[in-house]
Peer 1: 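Can you keep this structure in mind? I'll have questions shortly.
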Amino acid sequence: MKKTKHTVALALAAMLACQPLSVYAATFADMNQAPWAGAEASINKAASLGLVVGETRNGKTYFRPRDSVSLSESCQLAYKLLIQTGTA
């Protein structure tokens, strides 16, 4: 499952790299745990596009960048990508 999360993250990063990136304020409370230096910008860009929403606990929104991606989360991300591209 860990390999799947890395594959999804890599695919998301590649997709976002093809679009102009702007600087976004940190949306998620746990961005200090992001797996690589440029992850915060990519994750915030994905959030601004509505591809990821995170999890809200105690009034703060968390992305959980080190957790495994579940099958359900992978399907939801794929569906949102299809909606964004107009191919759903």
Side-chain angles (χ1 to χ4, degrees):
M1 189 55 91
K2 193 172 192 174
K3 186 175 181 179
T4 302
K5 180 168 182 149
H6 288 195
T7 303
V8 169
L10 193 57
L12 179 61
M15 180 201 74
L16 293 175
C18 296
Q19 299 178 7
L21 284 178
S22 302
V23 177
Y24 293 91
T27 306
F28 302 104
D30 56 351
M31 275 294 103
N32 60 338
Q33 298 174 7
W36 70 89
E40 183 176 345
S42 296
I43 292 167
N44 286 330
K45 177 70 175 179
S48 73
L49 293 171
L51 299 176
V52 295
V53 293
E55 170 184 300
T56 303
R57 286 181 277 146
N58 301 324
K60 293 183 179 179
T61 304
Y62 296 91
F63 180 70
R64 300 175 303 145
R66 297 252 179 218
D67 287 4
S68 296
V69 176
S70 70
L71 177 61
S72 175
E73 291 167 332
S74 298
C75 292
Q76 183 180 19
L77 179 59
Y79 176 73
K80 286 182 178 184
L81 285 168
L82 290 171
I83 292 294
Q84 285 284 330
T85 60
T87 58

Peer 1: Please round to the nearest 0.5 Å and tell me the distance separating atom CZ of Arg64 and atom CG of Asp30.
Peer 2: 9.0 Å
Peer 1: Is there a path from Val52 to Met31 through hydrophobic residues (I, L, V, M, F, W, Y) whose side chains come within less than 4.5 Å of each other?
Peer 2: yes
Peer 1: Measure the shortest side-chain to side-chain distance between Asn44 and Phe28 over non-hydrogen atoms and say whether it is less than 4.5 angstrom.
Peer 2: yes
Peer 1: Carefully, step by step, assess Ser70 and Ser72 under the rule side-chain hydrogen bond (donor to acceptor under 3.5 Å, both in side chains).
Peer 2: CA-CA 5 Å; Ser70 70; Ser72 175; 4.8 Å; no
Peer 1: So, are Glu40 and Lys45 salt-bridged, with charged N and O less than 4.0 Å apart?
Peer 2: no
Peer 1: What distance do Thr61 atom OG1 and Glu55 atom CD have between them, rounded to the nearest 0.5 Å?
Peer 2: 9.5 Å
Peer 1: Enter the distance from Leu51:CG to Ile83:CD1 here, rounded to the nearest 0.5 Å.
Peer 2: 11.0 Å
Peer 1: Going by heavy atoms in the side chains, are Lys80 and Val53 under 4.5 Å from each other?
Peer 2: yes
Peer 1: Between Thr85 (side chain only) and Leu82 (backbone N and O only), is there a donor and an acceptor less than 3.5 Å apart?
Peer 2: yes
